[in-house]
K.L.:
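Before we start, here is the structure in question, set down as structure tokens.
Computed over heavy atoms, backbone and side chain alike; hydrogens, waters and symmetry mates excluded.
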Amino acid sequence: MKTCRQGLRGTYGGLSSPAMIDHLKRLGVTSIELLPVHGLVDDRMLVEKKLSNYWGYNTLSFFAPEPRYSQDNPLDGFRTTVARLHDAGIEVMLDVVYNHTAEATKWARRCRFEVSTTLPTTG
């Protein structure tokens, strides 16, 4: 039985490693759902306790892959992972919760996501 290299575990590359894909195929997996994999921030309370937000539900950037899950270029790593899983016949679903954003702290409130109800005017 193949194993995933220690340095790849917990990364996009580890998820799409030959060992992991073989394991998923042996189990009969045809689709996977990933918890939020987009850019996130750790709450100050967690950082002060030397913990991290491993769930990912504190989004800072919905359309950018989280760098801590990558070994080098997060966008390339994520694209490659999805392509390898698709090539193996495994669908990839992303868990996205648009109301879980990085707005819980005073610092994060400066990053607030708001929808404008007015269109800009041109003059």
K.L.:
Rounded to the nearest 0.5 Å, how far does CZ of Phe63 lie from CG of Leu75?
P.N.:
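Here the interatomic distance stands at 13.5 Å.
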K.L.:
Is it the case that the side chain of Thr80 and the backbone of Gly77 share a donor-acceptor pair, with hydrogens and angles ignored and the cut-off at 3.5 Å?
P.N.:
no
K.L.:
Heavy-atom distance under 4.5 Å between the side chains of Val96 and Phe62, does that happen here?
P.N.:
yes
K.L.:
Taking all heavy atoms of Asp72 and all of Pro74, pick out the closest pair and write down the distance.
P.N.:
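So the minimum-distance heavy-atom pair works out to O-CD, 3.2 Å.
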K.L.:
Per the side-chain contact (heavy atoms from CB on, under 4.5 Å) rule, which among Arg84, Glu33, His86 passes with Val92?
P.N.:
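For Val92, the side-chain contact (heavy atoms from CB on, under 4.5 Å) test succeeds with only one of Arg84, Glu33, His86, which is His86.
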K.L.:
Are any of the side-chain heavy atoms of Val37 and Pro65 separated by less than 4.5 Å?
P.N.:
no
K.L.:
With a 6.0 Å cut-off (strictly less than), is the heavy-atom count around CD of Gln71, excluding the residue itself, greater than 12?
P.N.:
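Yes, enclosed.
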K.L.:
By side chain to side chain contact (heavy atoms under 4.5 Å, CB included), which residues pair with Val47, not counting sequence neighbours?
P.N.:
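If we apply the side chain to side chain contact (heavy atoms under 4.5 Å, CB included) test to Val47, skipping adjacent residues, the hits are Asp42.
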K.L.:
Taking Glu66 for the side chain and Leu40 for the main chain, is one N or O donor matched with an acceptor at less than 3.5 Å?
P.N.:
yes
K.L.:
If you take all heavy atoms of Arg68 and Ser52, which pair is closest and at what distance?
P.N.:
NH1-CB, 4.0 Å
K.L.:
Would you call Leu15 and Leu34 a side-chain contact if the rule is heavy atoms closer than 4.5 Å?
P.N.:
yes
K.L.:
Are Leu27 and Leu85 in one and the same hydrophobic cluster, where Ile, Leu, Val, Met, Phe, Trp and Tyr link if side-chain heavy atoms are under 4.5 Å apart?
P.N.:
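In one cluster: yes.
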K.L.:
A side-chain contact here means heavy atoms from C-beta on lying under 4.5 Å apart; do His38 and Ser61 qualify?
P.N.:
no
K.L.:
To check you understand the geometry: which heavy-atom pair defines the closest contact between Gly14 and Met20, and what is its length?
P.N.:
O-CB, 3.4 Å
K.L.:
Of all heavy-atom pairs between Ser16 and Ile21, which one has the smallest distance, and what is that distance?
P.N.:
O-CD1, 3.5 Å
K.L.:
If you define the side chain from C-beta out and look only at heavy atoms, does anything of Arg9 sit under 4.5 Å from Cys4?
P.N.:
yes
K.L.:
Quick one: are Ile32 and Ile90 in side-chain contact, heavy atoms under 4.5 Å?
P.N.:
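They are in contact (side-chain heavy atoms under 4.5 Å apart), so the answer is yes.
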